[in-house]
Amino acid sequence: MSLLASARYHLNVDLIGNGFLRYERRKLERKLANPRPHPHLGPPLVTAAELKELISRHYLKGRYASGHKPVAWVTSGAPVEFLQALGFFLLYPENHGAVCGIRRKAEEYCSAAEDLGYSRDICSYARTDIGSVMTGKTPVGTLPRPDLLVCCTNICQTVLYWYRVLAEHFGCPLVIIDTPFVYDSASDHSVAYVLRQIEQAVEVAERVAGRSLEPDKLRQVTQLSRDAVDLWMQVLERCRHRPAPMTAFDAFIQLAPIVEMRGEDFAVGYYQRLLAALDQRIADGVWALKDERLRLVWDNLPIWHRMRWLGERFAERGVALVASTYTNAWGELAPLIDPAHPLESGARTYLHAILNRSTGHKLNVIKGLVSDYQADGVVLHSDRSCKPYSVGQIDQRGRLVGAEGVPALLLEADHNDPRSFSEEQVAARLDAFLEILES
Amino acid sequence: MVEVPSRGATIAAWREQGGGIAAVFPIHHPRALWRAYGLLPVEVWGPPVTDTSRGDARLQAYTCSVVRCGLAFLESGGLEDVDLVVVPHACDSLQGLGSLLLDFAPPRQPVITPYIPRTRDAAAAEFLAHELRSVGLRLAEITGHQPDAAAVMACNQAEAQADRQRLALFEARRHLPLTNLEFYRLVRAREYLPAQDFAALAQAALAERIDEALPGPGVMLSGLLPEPMALLGVLDRAGAVVVADDYACSGRRHYRAGSSDEPWLNMAQSLLAGPPDPTLGHPIAQRVDHLVQACQSAGVDAVIFHGVKFCEPERFDLPMVQAGLQARLGLPCVDLEVDLASPLGHQAVTRIEALVEGLS
Amino acid sequence: MGSTVALGIDLGSTTTKLVAVDATGALVHHSVQSTAPTMAQQAAALVAQARLDLGAPDAPLVATGYGRHLVQDAARQVTEITCHARGVFHATGQPCTLIDIGGQDTKVITIGAGGKVMSFAMNDKCAAGTGRFLEVAAQRLQLPIDAFGPLALEGDAEEPLSSTCVVFAESEMISLLARGVALAPIVRGLHRSLVRRVAALARGAGAQAPVLLSGGVARNPAVRALLEAELGLAVVVPPHPQLAGAWGAALLAG
């Protein structure tokens, strides 16, 4: 770590950056106080300005982190608490990928990766990231080089292959936390295996960071993680209200702090304010949709590059997406996080991430959401890039429609690659499905 | 030329002795485990399926044909006579298959889904030993067998011996008077023959070794499995010899024997002691080193990357592996993608022939 | 032009080309005809007739193309990759890159000294990077394929298409027209889609100047112009672009 880099960091982030971002936030808050009326959607959430500030500050920190803090690139389901406690700056290539998807840059980066020989059949997050890394392009300023890569396979095996490419490219250590798939229930030896790997990961991270992990700091971070996850769950549960004060489209954006700032105190503060804002909406009778007529559950990743298009399409028909297995994934494990036993509970928590669970369990989660959120149907996004999420959906849909009598639609698309999206086809299927629900 | 017993005849003979059959899906699994409980493991690589509609009914089109054909085969009664179905954890798609069979489409037989670790250190070996032991408990319930430690160790040793013989066949390839098709029929018998029978077969084949080396350029095949087998026929016709193999069904499963005296740990160690494999966490550089060494010692002139469409673990490494081989050995390579349910396309034939033409 | 010393036949899925060369490798005779369903008989008859007409009953024959293994008379069967490289090298006399956009597949071949194939890449699984992409679109728009290229070059406006799949592109095209977008910009966008895919294939294969374009689509001026722009390299159509395979085969026979 260098003094010059630290000086640059403090100047650009703490002195200049914070002030600038606060100014931008105030500007946006003023705008949000008088939002332009939308024919179908309620007013935007007042906390949107703070969220934007948090995300911008995160990437601003990243821009100046090299040399000031150790940098780790991590998978979205990795046990990050020990890394936070060791003072790492954490970058989530998947989140960066989603930002590229939203900002319509993913196609360019995917094409760049494909030009280098990476097949179009591999995950679009990976292609976006590899394309970004190899060309040095990003819509968020600059991405800091990793000093460490941490890959946890609880979301998929693809991250293993992807992070191997990154490790080869960057020449930095790669830590793998291999989480045995839970076909039914997690065995004791699985938990022991994951714990041992987390302990080994801590050793590597300590070497890279040049410091030891302080147990108190770890407990503190784990507590903050737990608090944030608890609050997130409560935020999501506000959408059980009929009509809903927020939709899953909002939640897809609102989950940024829980994914990439888990363990930080400002993430907890943010969700407290978001929860208060939602409670205020419920008290004031302000809803996500002006006229909520139908409620749906969304399964699988969002279609990042078509959020607005889909959002408008649903809103026009008075359809509120009230829950999703994707956003729920970051809340449902809250009870497992135990700050008194951070690493041990971490092993158990991260083993039980929804993508590490069976197709039958996933169906149960969907059914639970339909019932708890009083949904009229389910949209299953058959994401071409995400096999662990998508394999099994045909049967899940069949059971929902058959045994459960819940209308369900299978929608073929891709979370990040717009070339695997056919507007005509999706629009036709959606319209037909909504007609069934409306009749 | 030695006669290779067919899969059907082997299964029938085994049954006559009163033994059970375990149908095992790709990739890594310990043959010794099933044998210890009286089950003959018969591997399901590239089953004879051309109509995948029964698999397609449950799987999206972007699922690989290893899984689609496997499921179609099972759903149309191909595994009707087996006593156990095993779907080891290897990748996201096979994970999905295992889960589908447990939750939504259970066959008549019990389904076991052992988790094979992605790393290869001591923690992984310890985990795997526990995992295999707990699968053993399940097998005891199913089969009624209760092998003692010595029996399990004996099975480990028999499989290690068979693996050594298969490796010997590859090492002697240039001096075995067999076409590529004949050679692979021989080595692929490892997928169903009992270990002792395979070892004997391999020894008989090795006894027919000739002094002169087979003529023609040497090729390495890298991918999942040599199917459609017509590919080997194309190489035969073009005059090339497959002298090295980086296939998941063969070359990537040249396991070394375990070192522990404890039979379950010994079994786990062996399963984790194969060459670098893209489904596992090996650094790419390690894989390149291994492939370079394999190409050098076998005298490889060109490499054919023979992938199955939609197989992610194979596709990520490719650009860096091909660049590494190019930089260190200057070997020409060609990239093929097949669908196991379709015959080998004209375009794939052209690529292989063009590659070999360029070597003369 | 001397007497025939060798013959080459390129038995493609759409057209069959026959070439006869003299001792210097120059063209003595060539013919192009649509490939009949009974391609084996057609090839045999074609070769027999040529041998008769040219007075070359013993000239060696090499067969290439889709149906090469059906030609009984051939001394050897050689892939269109190797034959195209040889044929194009004879025309240019220098190492170059050949981009062949056929009706069913697209090939990029980097050619070294002596016409040796240095590397090659093929796009054969998907119609979107081949001539088929434009054929389907032209048919749907009820335009003759020969008018398609010039139409794409009319004016500067271009309507980008997001779909790279032929099926989706077709419906995207129709909905654009329904929305009132003019025809020429759409047709240009279609050409751009095709060219982008071909350029990606070419870059992956390490295409370097000089770049030559062959195949049925080589006659399309818009493809050549847009490909040049996309690659940043001059793209030239060699003389007798359709004959490169058969010519190379004849050269290899001699």
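Protein chains get the first letters and strands the later ones, always in sequence-line order, with residue 1 at the start of each.
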**Q** Heavy-atom count check: over 12 atoms from other residues, nucleotides or ligands less than 6.0 Å from K105(A) NZ?
**A**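 Atom NZ in K105(A) is not packed in, count stays at 12 or less.
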**Q** Does anything in residues 179-190 of chain C get under 4.5 Å of chain A by heavy atoms, and if so which residues?
**A**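 Contacts with chain A: none.
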**Q** In a table with atom names and distances, give each donor-acceptor pair under 3.5 Å that connects a side chain of residues 200-213 of chain C to protein atoms at least two apart or in another chain.
**A**
residue, atom, partner, partner atom, Å
R203(C), NE, D115(A), OD2, 3.3
R203(C), NH2, D115(A), OD2, 3.4

**Q** Would you please name every residue forming a side chain to side chain donor-acceptor pair (under 3.5 Å) with R313(A), sequence neighbours left out?
**A**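 With sequence neighbours excluded, R313(A) shows a side chain to side chain donor-acceptor pair (under 3.5 Å) to D431(A), given in chain and number order.
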**Q** Evaluate whether atom CZ of R219(C) has more than 12 neighbouring non-hydrogen atoms of other residues, nucleotides or ligands under 6.0 angstrom away.
**A**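 No, the 6.0 Å shell around CZ holds no more than 12 heavy atoms from other groups.
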**Q** Check whether more than 12 heavy atoms from other residues, nucleotides or ligands sit under 6.0 Å from atom CZ of R293(A), and answer yes or no.
**A**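 More than 12 heavy atoms, drawn from other residues, nucleotides or ligands, come within 6.0 Å of this atom.
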**Q** Specify the closest pair of heavy atoms between R120(A) and R197(C), including all atoms of both residues, with the distance to one decimal.
**A**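 Heavy-atom minimum between the residues: NH1-NH1, 4.0 Å.
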**Q** What pairs with T142(A) under side-chain contact (heavy atoms from CB on, under 4.5 Å), at least two apart in sequence or on another chain?
**A**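 Result, side-chain contact (heavy atoms from CB on, under 4.5 Å) vs T142(A): R63(A).
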**Q** Would you say OH of Y66(C) has more than 12 non-hydrogen atoms from neighbouring residues, nucleotides or ligands within 6.0 angstrom?
**A**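 Counting other residues, nucleotides and ligands, OH of Y66(C) stays at 12 neighbours or fewer.
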**Q** Does any heavy atom of chain C fall under 4.5 Å from the side chain of Q425(A), the backbone, both, or neither of them?
**A**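 For Q425(A), the contact with chain C is made by the side chain alone.
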